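Report on the following structure.
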Amino acid sequence: MKNKLVTTAIDYVNGAPHLGHALEKIYADVYARHLRKKHAVYFLTGTDENSLKNVRAAEKAGVSTEEFVLKNSLKFQELKTALNLSYNDFIRTTEERHVKGVQKLWKLAKKDIYKKNYKGLYCVSCEEYYKEDDLKCPIHKTELEEIEEENYFFKLSKYQDKILDLIEKDEVQIIPQARKNEILNFIKSGLQDFCISRTSERAKGWGIDVPNDPNQKIWVWFDALANYMTALSKEDFDKFWINGDVIHIIGKDIVRFHAVYFIGILLALNFKLPKKIVTHGFITVDGEKMSKTISNVIDPFDLVLRYGRDPLRYFLLSEFKTTADGDFSYEKFEKKYHADLSSGLGNLVSRILTMIEKKDLKGSTIVVDFSFKEEIKKYVLKYEKHLNDFEFNESINIIWEMQRFLDKYIEEKKPWEVTDRKELVLIFSKLVYALRKIALMLDVFLPETSEKILSFLGEDESKIDVIKKEMLFPRLNEYG
RNA sequence: GCCAGAGUAGCUCAGGGGUUAGAGCACUCGUUUCAUAAGCGAGCCGCCGUGAGUUCGAAUCUCACCUCUGGCACCA
């Protein structure tokens with residue numbers, strides 16, 4: 001039994017959360033729920049608020065930056081209820097625990113931090129640096145200016161060989177393999193030191209001060225990545241970081257910062273390294289990237305209102321291979337809802353419960369033979385294997401295999417024709433036993449549905465019972 | 001341009017040197033009534049990206065080519 005720290009990326013708060021944010025939180029939630037069955041788990045998420053973008057967005061909105069980031073952070077926090085997330089901590093990078101923590105870490109890493117001139121192409125309107133290939137600002141189409149300023153840098157180059165070795169040997173495991181290869185190539189191409197501060201002026205005074213240098217603000221990565229540590233109290237750091245496994249769940253766009261920069265920083269601090277970095281894909285909508293310009297951004301709150309929490313979780317978890325991109329469409333969503341949730345699971349639950357009532361089997365003692373239990377166990381083992389490997393969609397498929405197995409079993413036994421009570425009890429013992437298992441397997445994916453099924457069957461696992469009945473997933477077309 | 005990965009049924013994908021290539025969804029037919037126009041059974045649909053090679057035998061290995069996706073540093 002080992003302790004586990006499960007983290008998500010912390011989100012930028014310059015807008016409301018979209019479906020992509022929901023996806024990542026749900027993945028992390030499933031994994032955390034799975035781990036909780038055997039481990040002590042600290043599940044952490046949060047918002048990244050020290051960005052210059054926020055200052056500008058707040059100016060535009062005519063509110064103070066503090067007010068602006070708080071308002072948006074709260075929107076992200078609303079995802080907890082909307083998606084039924086089980087995280088036990090939410091950190092905002094403007095919180096004191098984070099500010100103090102980052103400064104403390106900065107001091108601890110001091111030996112690998114130095115000052116040097118940073119030269120880059122800068123767009124005055126964006127107030128941002130751009131790559132050397134684009135000579136013009138991609139947004140304003142204006143000439144970029146070459147600007148030079150003095151900043152702090154982190155000696156990443158010093159750790160190149162060490163990081164390469166760690167990743168090659170999977171001491172820090174990057175999932176999936178393809179991402180690991182990308183990172184290895186990136187490291188082999190040579191690591192440069194990276195900039196970890198901006199002048200306070202350029203940062204418009206927003207952000208965390210560099211210790212003993214109020215003219216500089218700590219910039220992006222040294223700030224944001226540190227949240228995984230600054231969120232933890234001393235006791236929890238001990239319990240979950242030092243004596244536990246750290247698992248980061250992040251988008252494919254920020255693998256490098258976790259697998260290279262962060263590992264470098266941790267090496268400088270001489271801290272324990274994360275065990276796994278799991279990267280998920282992105283969501284397209286009807287085959288296109290989500291973007292405001294073509295206004296196809298999907299609002300997760302909307303989907304929850306329309307279809308419910310579990311159906312939304314279900315779609316994202318079953319339709320997408322965890323580490324690959326996936327496509328969202330209302331048509332696919334509803335198709336899956338009907339095929340798997342209504343006709344599949346919902347219908348099975350419904351037919352079992354109704355027959356128990358009609359055949360008056362409530363209160364009978366459950367008797368299940370060993371070979372049937374073994375049969376069920378095979379499904380459970382496969383299900384667990386896929387969960388451990390972050391193959392959530394595969395894991396769900398195993399549950400549906402089991403559901404089809406039960407439907408076939410019912411067909412074969414034709415319990416509606418059976419009159420012998422003893423035989424009926426035997427049949428429904430198995431069905432109730434298996435249905436409970438299905439509910440328990442579902443609880444990481446569809447916690448609400450899982451609870452409902454268990455509550456229908458009653459608390460006493462040794463008796464056949466129906467406490468109440470309710471349609472789990474009504475067909476959608478009946479409501480327009 | 002360079003480096004990865006992928007191209008298999010209408011859709012999403014699994015498989016992977018050897019009997020007639022798989023699953024789910026969709027579709028067609030049959031069947032059942034316990035159940036949410038649900039269930040079960042059967043069927044349909046594939047030159048397994050293209051060309052060549054290795055082999056007794058390739059979708060599976062090798063090479064070339066085509067197409068797509070991703071990565072190629074300061075971007076959560």
Side-chain angles (χ1 to χ4, degrees), chain A residues 8-14 20-21 24 46-48 51 53 93 118 120 128-133 151 153-154 156 176-196 198 219-225 227 250-258 260-261 279 281-282 318-321 324-327 331-332 335-336 338-359 393-394 396-397 400-401 403-404 406-418 427-428 431 469-478:
Chain A
T8 70
I10 51 175
D11 298 306
Y12 255 166
V13 287
N14 54 352
H21 295 110
E24 177 172 295
T47 41
D48 181 9
S51 164
K53 282 180 188 167
T93 56
Y118 177 80
E128 243 173 271
Y129 285 96
Y130 284 100
K131 277 185 239 172
E132 289 179 19
D133 352 335
N151 295 128
F153 277 73
F154 177 77
L156 184 66
Q177 179 79 26
R179 297 282 161 219
K180 173 180 164 181
N181 295 341
E182 278 176 16
I183 289 296
L184 288 175
N185 284 334
F186 173 72
I187 299 170
K188 283 176 192 162
S189 74
L191 295 184
Q192 293 166 27
D193 297 345
F194 67 100
C195 185
I196 52 172
R198 280 289 130 101
W219 190 60
V220 190
W221 299 110
F222 202 93
D223 168 0
L225 291 165
N227 90 86
I250 56 167
K252 61 184 186 180
D253 54 333
I254 52 173
V255 194
R256 176 189 312 155
F257 307 110
H258 286 77
V260 183
Y261 288 25
T279 73
F282 289 151
S318 64
E319 175 71 13
F320 302 166
K321 188 175 164 179
D325 290 350
D327 187 55
E331 197 192 334
K332 280 185 200 168
K335 228 176 194 176
K336 262 198 166 292
H338 281 138
D340 302 340
L341 298 179
S342 301
S343 307
L345 180 67
N347 182 59
L348 176 69
V349 172
S350 180
R351 67 196 301 207
I352 291 174
L353 296 184
T354 302
M355 278 189 280
I356 290 173
E357 286 184 330
K358 286 196 175 172
K359 294 290 182 181
N393 58 331
E394 297 293 339
I396 287 173
N397 278 336
W400 293 163
E401 271 179 31
Q403 169 248 310
R404 280 191 288 273
L406 295 184
D407 268 323
K408 278 175 197 166
Y409 177 77
I410 292 172
E411 219 58 48
E412 186 196 319
K413 295 292 178 185
K414 302 192 192 318
W416 53 90
E417 288 175 4
V418 176
I427 294 169
F428 283 92
L431 290 172
K469 230 174 72 180
E470 153 192 336
M471 211 180 256
L472 288 174
F473 301 103
R475 306 212 125 240
L476 299 167
N477 46 17
E478 288 168 14

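Quick caveat, the model's predicted, so the values are computed rather than measured. Below, chain A is the first sequence line, B the second, and so on; all start at residue 1.
The distance from atom CD1 of A:Ile250 to atom C1' of B:C75 is 13 Å, rounded to the nearest whole Å. Whole-Å rounding puts the A:Ile352 CD1 to B:U36 P distance at 13 Å. Atom NZ in A:Lys180 sits roughly 17 Å away from atom C1' in B:G71 (whole-Å rounding). When rounded to the nearest whole Å, the span between NZ of A:Lys358 and C1' of B:A35 equals 9 Å.
For A:Lys469 and B:A35, the shortest distance from a side-chain N or O to OP1 or OP2 is not below 4.0 Å. Taking side-chain N and O atoms only, A:Arg475 has a distance below 4.0 Å to OP1 or OP2 of B:A38. Contact annotation: A:Trp400 side-chain N/O to B:G24 OP1/OP2 distance is not under 4.0 Å.
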Pull out every protein N or O sitting under 3.5 Å from an N or O of nucleotides 27-32 of chain B, one pair per line with the distance.
none

Could you write out each protein N or O paired with an N or O of nucleotides 3-12 of chain B at a distance under 3.5 Å?
| unit_1 | atom_1 | unit_2 | atom_2 | d |
| --- | --- | --- | --- | --- |
| B:C3 | O2' | A:Asn185 | ND2 | 3.1 |

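If you check B:G39, B:A35, B:C72 against the side chain of A:Arg256, the one that comes closest is B:C72. With B:C75, B:C40, B:A76 as the choices, the nucleotide that has an atom nearest any side-chain atom of A:Arg198 turns out to be B:C75. Comparing B:C34, B:A76, B:U36 against the side chain of A:Met355 picks out B:C34 as the nearest. Among B:A76, B:A73, B:U36, the nucleotide with an atom closest to any side-chain atom of A:Tyr12 is B:A76. Closest to the side chain of A:Trp221, from the set B:A76, B:G70, B:C74, is B:A76. Considering only side-chain atoms of A:Val220, the nucleotide from B:A76, B:G71, B:G24 that sits closest is B:A76. Minimum atom distance to the side chain of A:Arg404 is reached by B:C40, of the listed B:C75, B:U36, B:C40. Proximity note for A:Arg351 (side chain, C-beta onward) versus B:A76, B:C34, B:U36: the nearest is B:C34. Nearest nucleotide to the side chain of A:Lys321, out of B:G70, B:A14, B:A35: B:A14. With B:C74, B:C34, B:A76 as the choices, the nucleotide that has an atom nearest any side-chain atom of A:Thr354 turns out to be B:C34.
When heavy atoms are screened at a 4.0 angstrom cut-off, A:Gly346 is found touching base atoms of the nucleic acid. Within the nucleic acid shown, A:Leu353 has no heavy atom closer than 4.0 Å to any nucleic acid atom. No contact: A:Gly281 has no heavy atom under 4.0 Å from any strand. Residue contacts for A:Leu348: at a heavy-atom cut-off of 4.0 Å it reaches no nucleic acid atom on any strand shown. No contact: A:Asn14 has no heavy atom under 4.0 Å from any strand. At a threshold of 4.0 angstrom between heavy atoms, the contacts of A:Ser343 are confined to the sugar-phosphate backbone, with no base atom among them.
A:Asp325 is not listed as a side-chain neighbour of A:Phe320, based on a closest heavy-atom distance of 4.5 Å or more. Between A:Ser342 and A:Asn347, the closest side-chain pair of non-hydrogen atoms is not below 4.5 Å. Side-chain contact between A:Asp253 and A:Phe282 is present, with heavy atoms from C-beta onward closer than 4.5 Å. Counting only heavy atoms from C-beta outward, the side chains of A:Ile410 and A:Ile352 approach each other to under 4.5 Å. By the 4.5 Å heavy-atom criterion applied to side chains, A:Asn151 and A:Arg198 are counted as neighbours. Annotation: side chain of A:Arg475 is in contact with side chain of A:Ser343 (closest heavy-atom distance under 4.5 Å).
For the P atoms, the distance from B:C25 to B:C63 is 39 Å, rounded to whole Å. The same atom, C1', is picked in B:A23 and in B:C48; the two are 15 Å apart, to the nearest Å. Between B:A64 and B:C27, the distance separating the two C1' atoms is 40 Å to the nearest Å. Across the P atoms, B:C61 and B:G5 are found 12 Å apart, a figure rounded to whole Å. Between B:A38 and B:A6, the distance separating the two P atoms is 37 Å to the nearest Å. Nucleotides B:G1 and B:G10 place their P atoms 32 Å apart, quoted to the nearest Å. For the P atoms, the distance linking B:U67 with B:U28 amounts to 38 Å, nearest Å. Separating the P atom of B:C40 from that of B:U33 is a span of 16 Å, rounded to the nearest Å.
To the nearest 0.5 Å, atoms CD1 (A:Ile427) and CD1 (A:Ile356) are separated by 11.5 Å. The CG atom of A:Leu341 lies 8.5 Å from the NZ atom of A:Lys336; values are rounded to the nearest 0.5 Å. Here A:Leu156 contributes atom CG and A:Gln192 contributes atom CD; the two are 9.5 Å apart, rounded to the nearest 0.5 Å.
Toward the 5' end of RNA chain B, the nearer of the two residues A:Ala324 and A:Thr8, judged by each one's closest nucleotide, is A:Ala324. Where A:Asn397 and A:Phe473 each meet RNA chain B at their nearest nucleotide, the meeting point lying more 5' is that of A:Asn397.
With respect to A:Glu401 and A:Arg404, no salt bridge is recorded, no charged nitrogen being found less than 4.0 Å from a carboxylate O.
Stem regions annotated for RNA chain B: B:1-7 with B:66-72, B:10-13 with B:22-25, B:27-31 with B:39-43, B:49-53 with B:61-65, counting only runs of 3 or more consecutive pairs of Watson-Crick or G-U type with both contacts under 3.5 Å.
Side chain of A:Glu319 to main chain of A:Lys332: no donor-acceptor pair is present (N/O by atom type, distance under 3.5 Å, no hydrogens or angles). Using a distance-only test at 3.5 Å, with no hydrogens or angles considered, a donor-acceptor pair links the side chain of A:Thr354 to the main chain of A:Ser350.
Between the side chains of A:Gln403 and A:Asp407, at least one donor N or O lies within less than 3.5 Å of an accepting N or O.
Residues A:Asp193 and A:Phe154 share a closest heavy-atom pair of CB-O, 3.0 Å.
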